[in-house]
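FYI, side chains are in, hydrogens and waters are out, and symmetry mates aren't considered; it's all heavy atoms of this structure.
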Amino acid sequence: EAQVTQNPRYLITVTGKKLTVTCSQNMNHEYMSWYRQDPGLGLRQIYYSMNVEVTDKGDVPEGYKVSRKEKRNFPLILESPSPNQTSLYFCASSFSGTGGYEQFFGPGTRLTVL
Amino acid sequence: QQQVKQSPQSLIVQKGGISIINCAYENTAFDYFPWYQQFPGKGPALLIAIRPDVSEKKEGRFTISFNKSAKQFSLHIMDSQPGDSATYFCAARSSFNTNAGKSTFGDGTTLTVKP
């Protein structure tokens, strides 16, 4: 089954404790992105990657890191989480090219930073 | 700077009615305009999308109307059903190489269809 998986789905942590949220896709997509969703603010792009070893900042990159060492994986790293990073996070992937850019989203990771 | 503005924030319609959600964008480099549907506890999923070379696209009860000169596009849901109750996001994306991976979303519209 074609899908984007994220782990963990739920996470409660404390300020300053480094964490990683994993994302994996099995559709051989070139593009991958991380978004955060907050009430009234929609989906805001944190980072995106256009291919292996190619990443760029989205609209709200502060406090986050990413890496793309393999095509299928795109982990999100919070090296020193703070309470304002409490949010619902989505990973997404899509093909490149002119055929369209439908993004396939993962199920989400609900993060609470105390 | 918000590049995609979506309205209304919430919408309540009766079963069988027409739901209309509007979006306006600023960046003329955008060339792909999708609408995503999100149910509670799920990730967004593509509903319908349009490119600026057409003014309208219809898929079943869902239609996108696109006005390039006004930099606006809208989603129309005909014969709205309770099962359409969800949050809808418009988005915009550019295929230009330096920004091809970047997407901008509207703030979302929560649609409630009353039986």
Taking the inter-plane angle between the rings of B:Tyr25 and B:Phe73 on a 0 to 90° scale, is it parallel (under 30°), tilted (30 to 60°) or perpendicular (over 60°)? tilted
By the rule that ILVMFWY residues connect when side-chain heavy atoms come within less than 4.5 angstrom, directly or transitively, which residues belong alongside A:Val4? A:Met27, A:Phe104
Tell me who clusters with A:Leu41, hydrophobic residues only, linked when side chains sit under 4.5 Å apart either directly or through other members. none
Between A:Glu70 and A:Arg68, is there a side-chain N and carboxylate O pair less than 4.0 Å apart? no
Contact part of B:Pro34 toward chain A, heavy-atom cut-off under 4.5 Å: side chain, backbone, both or neither? neither
Is A:Gln103 in contact with chain B via its backbone, its side chain, both, or neither, using a 4.5 Å heavy-atom distance? both
Contacts of type side-chain contact (heavy atoms from CB on, under 4.5 Å), residue A:Glu62, not counting sequence neighbours: none
Counting a contact as any heavy-atom pair under 4.5 Å apart, which residues of residues 105-114 of chain A contact chain B? A:Phe105, A:Gly106, A:Pro107
Minimum side-chain heavy-atom gap B:Lys15-B:Lys114 below 4.5 Å: no
Looking only at the side chains, is there a donor atom on one of B:Asp79 and B:Gln81 sitting less than 3.5 Å from an acceptor on the other? yes
